[in-house]
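I have placed the structure first, in the form of structure tokens, so that the comments after it can refer back to it.
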Amino acid sequence: MEIKFYNSLSRKKEVFKSIYPGMVGIYVCGPTVYDYAHIGNLRSYIFSDLLRRVLEFNNYKVTQVMNITDVGHLESDADEGEDKMVESSRRHKKTPWELARYYSDDFMLRLEQLNIKKPGIICRATDHIEDMIAMVEKLMDKGYAYRIEGDGIYFEVEKFADYGKLSGNKLDALKAGARVDVNERKRHPADFALWKDAPPQHIMQWPSPWGPGYPGWHIECSAMAIKYLGEQIDIHTGGVDHVPIHHENEIAQSEAITGKRWVNYWLHGEFLQVDSGKMSKSLENFHTLADLLDKGYDPLAFRYLCLNAHYRSQLNFTFEALDGAQTALQRLRQGWQKLPASKKKPDAKLLQAFHSAINDDLNIPLAISYLWEAVRDGKPGSKELAARFDQVLGLKLDYVEKSKELPEDLQQLLKQREQARAEKDWALSDKLRDQLAARGVIVRDTKDGTTWEYNPPSDK
RNA sequence: GGCGGCAUAGCCAAGUGGUAAGGCAGAGGACUGCAAAUCCUUUAUCCCCAGUUCGAGUCUGGGUGCCGCCUCCA
């Protein structure tokens with residue numbers, strides 16, 4: 001079955017065709033590890049995970065490369081200000097390396113919690129400085145870059161005819177719209193740093209043909225993508241905010257060197273909003289996954305919430321919506337777990353519908369509606385079918401929450417209640433039920449006896 | 001100001017020009033001593049105006065509102 005992706009480059013859905021049959025190379029724009037990832041960042045990696053899983057569902061062998069940027073990402077996209085890693089390390093009184101380690105470990109933990117498959121190759125910018133220097137040298141040799149003494153090496157955008165092809169920005173417009181340019185020595189306001197000279201006290205620095213320095217942002221992605229995936233790659237993903245600067249610059253520097261089209265399909269994930277507005281630290285509507293877990297949410301409830309909206313739509317995050325997602329996920333799992341196992345062939349129509357949904361530019365929300373159908377219809381084979389769907393969706397339908405041990409005193413209360421019920425002393429029984437509820441025990445009286453679920457309030 | 005995107009029920013949302021998927025919440029019912037959980041049923045004419053068309057949520061133009069990048073952020 002053919003797969004279609006919306007390609008940011010053409011602004012159209014295109015039929016996907018990989019460079020090599022049966023294999024796909026994907027470069028995922030990874031995090032700059034100077035702080036915790038927030039749920040907006042994480043939405044973006046849920047998207048790249050879905051992309052990978054959809055391709056795998058279609059029997060592609062996927063090579064997924066994700067970078068960890070631990071140097072060179074300056075505070076401003078105009079290549080001004082301090083390196084984010086250095087700035088953050090000063091704030092936290094740790095070395096940039098300690099910091100990178102800490103935040104990338106945390107990032108990896110979050111990916112795991114969200115059931116995001118680990119990319120086959122995860123590469124750090126600081127491990128690839130030589131590759132970047134080699135690229136900058138080539139750009140200098142080819143005349144695409146120039147040096148500003150006492151500052152660094154810059155890419156000259158006007159030398160690259162296609163500059164702006166991804167975002168639709170025109171160089172003239174960029175020039176006209178530019179703010180007061182701090183660096184007036186650049187030949188064009190959109191010129192960007194490939195390499196920055198490091199003053200002696202700058203912590204992160206490496207020797208280079210131009211003296212001690214550190215790489216600019218952008219170059220690490222081109223260097224590592226080309227190193228691991230070759231000069232032409234199938235798919236490159238990232239957030240929409242990267243379209244106008246980061247990815248535009250990546251294209252320019254990569255294609256300037258190779259003279260070939262670099263990326264065939266550019267896929268960009270839309271932003272997550274919070275309460276219909278942007279999420280920012282200053283507005284105090286900034287959430288990390290850890291925050292959600294602290295509030296007692298299942299991390300996959302957040303995944304479900306993200307899956308429920310198309311990756312190219314802005315998703316409005318609210319706790320009401322997250323509650324809904326959590327309930328939906330629980331019901332889905334319960335429903336699936338109750339389904340009878342069967343060796344019968346699953347409903348071919350439903351499989352077909354699911355498959356064509358995911359292949360239509362990752363229409364996961366529609367695909368989820370087919371998952372509900374499979375779980376609700378309870379036909380023979382539905383359980384197996386739903387499990388297959390879950391290989392793409394990654395909601396862990398088989399997950400069973402481990403019930404906590406019930407402390408002795410609560411067990412006593414339960415016993416007393418059983419006794420009261422046997423004696424039809426409903427007043428006492430209900431009173432005990434309230435007491436148990438206050439301690440986090442939910443009781444359910446069924447035909448087969450009373451069951452309970454224990455979640456101590458303090459545990460949340 | 002420049003460039004790009006969005007606007008569907010209380011909430012999260014899908015939707016290839018032919019009369020609106022799914023989930024959550026709500027309502028009604030079954031079950032229950034009463035609940036809880038579960039199951040069943042049920043809830044919209046798609047921001048506004050004007051066009052194109054036999055027919056538009058879906059196309060065109062104009063409004064209004066929101067979001068993103070250009071300035072920290074996926």
Side-chain angles (χ1 to χ4, degrees), chain A residues 8 11 13 28-32 34-35 37-48 73-78 80-81 84 87 164 166-170 172-179 189-190 237-246 248 268-273 276-282 286 304-332 334-335 338 353 357 360 363-373 376 421 424-427 429-430 433-434 437 442-447 450-453:
Chain A
S8 302
R11 292 163 204 276
K13 275 190 202 173
V28 180
C29 243
T32 300
Y34 67 103
D35 202 346
H38 59 243
I39 56 175
N41 299 124
L42 294 171
R43 180 190 184 196
S44 180
Y45 301 110
I46 289 174
F47 149 59
S48 56
H73 193 162
L74 300 183
E75 286 179 326
S76 151
D77 279 341
E80 301 300 334
K84 286 183 177 180
E87 191 278 330
L166 186 64
S167 61
N169 280 323
K170 301 275 182 294
D172 292 350
L174 285 174
K175 199 172 214 163
R179 307 276 167 108
T237 68
V240 278
D241 60 327
H242 281 160
V243 172
I245 302 284
H246 186 50
E248 206 73 86
H268 291 99
E270 253 298 347
F271 267 44
L272 176 102
Q273 291 184 30
S276 300
K278 92 192 244 185
M279 173 165 62
S280 74
K281 283 181 179 166
S282 53
F286 188 91
Y304 184 95
L305 182 67
C306 291
L307 263 52
N308 198 35
H310 191 265
Y311 76 91
R312 281 191 291 112
S313 297
Q314 292 178 351
L315 166 62
N316 190 25
F317 176 90
T318 61
F319 279 99
E320 193 182 355
L322 185 60
D323 286 335
Q326 172 116 323
T327 306
L329 179 61
Q330 280 168 357
R331 287 186 185 156
L332 209 43
Q334 273 175 29
K338 281 185 196 161
D360 180 17
N363 194 338
I364 305 298
L366 185 59
I368 285 190
S369 74
Y370 298 127
L371 173 62
W372 278 100
E373 198 175 323
R376 291 245 153 108
R421 292 192 73 233
K424 295 195 194 293
D425 183 351
W426 307 127
S429 161
D430 291 351
R433 182 168 62 199
D434 289 344
I442 297 162
V443 294
R444 290 178 191 131
D445 303 320
T446 69
K447 287 194 183 86
T450 299
T451 64
W452 50 267
E453 201 177 295

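Only a predicted model underlies this, so the values are computations on that prediction, with no experimental measurement involved. Within every chain, numbering begins at 1; the chains are lettered A, B, ... in the order of the sequence lines, protein sequences first and strands thereafter.
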Q.
What's A:Glu373 touching, base or sugar-phosphate or nothing? Going by heavy atoms closer than 4.0 Å.
A. nothing
Q) Rounding to the closest angstrom, what is the interatomic distance between B:U45 and B:A35 at atom P? A) 34 Å
Q: Would you indicate what A:His38 reaches in the nucleic acid, counting non-hydrogen atoms under 4.0 angstrom: base, sugar-phosphate, or nothing?
A: base
Q. Base, sugar-phosphate alone, or nothing: which one does A:Asn363 contact when heavy atoms must sit under 4.0 Å apart?
A. sugar-phosphate
Q | Pairs flagged by side-chain hydrogen bond (donor to acceptor under 3.5 Å, both in side chains) wherever residues 320-332 of chain A is involved - sequence neighbours left out | A | A:Tyr297-A:Asp323
(Q) List the residues meeting salt bridge (Lys or Arg N to Asp or Glu O under 4.0 Å) with A:Asp430, not counting sequence neighbours, and say none if there are none. (A) A:Arg433
Q: Look only at the side chain of A:Asn41 and the backbone of A:His38, and say whether a donor-acceptor pair between them is shorter than 3.5 Å.
A: yes
Q: Return the value, rounded to whole Å, for the distance between atom CG of A:Leu305 and atom C1' of B:G22.
A: 14 Å
Q.
To the closest 0.5 Å, what do you measure between NE2 (A:His310) and CD (A:Glu270)?
A. 11.5 Å
Q.
Just to verify, what does A:Ser369 make a side chain to side chain contact (heavy atoms under 4.5 Å, CB included) with, not counting sequence neighbours?
A. A:Leu366
Q) How long is the line joining NE2 of A:His242 and P of B:G68, in whole Å? A) 15 Å
Q.
How many whole angstroms separate atom CG of A:Asp241 from atom P of B:G5?
A. 16 Å
Q) Whom does B:A7 pair with, Watson-Crick or G-U wobble, provided both distances fall under 3.5 Å? A) B:U64
Q) Using the C1' atom in both, what is the distance from B:A56 to B:A50, to the nearest Å? A) 14 Å
Q.
Across nucleotides 43-48 of chain B, 5' to 3', mark each nucleotide with B, S or - according to how protein heavy atoms within less than 4.0 Å reach it.
A. ------
Q. Rounded to the nearest Å, what distance is computed from the OH atom of residue A:Tyr311 to the P atom of nucleotide B:G15?
A. 11 Å
Q.
Under a 3.5 Å cut-off for both contacts, is B:U32 paired Watson-Crick or G-U wobble with anything, and if yes, with which nucleotide?
A. none
Q: Please determine, for the side chain of A:Gln334, which listed nucleotide (B:C70, B:A37, B:A14) has the closest atom?
A: B:A37
Q: Determine the Euclidean distance between corresponding P atoms of B:G26 and B:U16; express it in Å to zero decimal places.
A: 31 Å
Q. Where the side chain of A:Ser429 is concerned, which of B:G5, B:G33, B:A14 is the nearest nucleotide?
A. B:G33
Q) Which part of the nucleic acid, if any, lies within contact of A:Ser313, taking any heavy atom under 4.0 Å across all strands shown: a base, the sugar-phosphate backbone alone, or nothing? A) sugar-phosphate
Q.
Does B:U38 have OP1 or OP2 under 4.0 Å away from a side-chain N or O of A:Thr446?
A. no
Q. A:Arg11 CZ to B:G4 C1': how many Å, rounded?
A. 7 Å
Q | Residue matched to B:C59 through Watson-Crick or wobble contacts both under 3.5 angstrom | A | B:G51
**Q.** C1' gap between B:A14 and B:A7, integer Å
**A.** 15 Å
Could you list, one pair per line, each protein nitrogen or oxygen that sits under 3.5 Å from a nitrogen or oxygen of nucleotides 23-28 of chain B, together with the distance?
| unit_1 | atom_1 | unit_2 | atom_2 | d |
| --- | --- | --- | --- | --- |
| B:G23 | OP1 | A:Arg376 | NH1 | 2.8 |
| B:C24 | OP1 | A:Arg331 | NH1 | 2.6 |
| B:A25 | OP2 | A:Arg331 | NH1 | 3.2 |

(Q) Need one value for A:Val243: base, sugar-phosphate or nothing, where a base atom within 4.0 Å counts as base even if backbone is also close, heavy atoms only. (A) nothing
**Q.** Shortest side-chain distance from A:Arg433, nucleotide among B:C34, B:A14, B:G68
**A.** B:C34
Q) Roughly how far apart are A:His242 NE2 and A:Ser44 OG, rounded to 0.5 Å? A) 8.5 Å
Q. If you check every side-chain atom of A:Asp445, which of B:U38, B:A36, B:A35 has the closest atom?
A. B:A35
Q. Between B:C39 atom C1' and A:Leu332 atom CG, what is the distance in whole Å?
A. 16 Å
Q. Checking all strands, does A:Arg43 fall into the base, sugar-phosphate, or nothing category for heavy-atom contacts under 4.0 angstrom?
A. nothing
Q | Between B:C3 and B:G63 - P atom distance, rounded Å | A | 15 Å
Q.
Categorize A:Leu42 for me: base, sugar-phosphate, or nothing, with a 4.0 angstrom heavy-atom threshold over every strand shown.
A. nothing
Q: Using whole Å, report how far CD of A:Gln314 lies from C1' of B:C67.
A: 4 Å
Q: Go through the structure and list residues passing salt bridge (Lys or Arg N to Asp or Glu O under 4.0 Å) with A:Asp445, not counting sequence neighbours.
A: A:Arg417, A:Arg421
Q: Report the distance from atom NZ of A:Lys13 to atom C1' of B:U58, rounded to the nearest whole Å.
A: 13 Å
Q.
When both hydrogen-bonding distances must be under 3.5 Å and the geometry is Watson-Crick or G-U wobble, what is B:G1 paired with, if anything?
A. B:C70
Q) Distance between the C1' atoms of B:C12 and B:C70, in whole angstroms? A) 31 Å
Q) In the strands shown, is B:U19 matched to any nucleotide by a Watson-Crick or G-U wobble pair with both distances under 3.5 Å, and which? A) none
Q. NA contact type, A:Gly269, heavy-atom cut-off 4.0 Å: base, sugar-phosphate, or nothing?
A. nothing
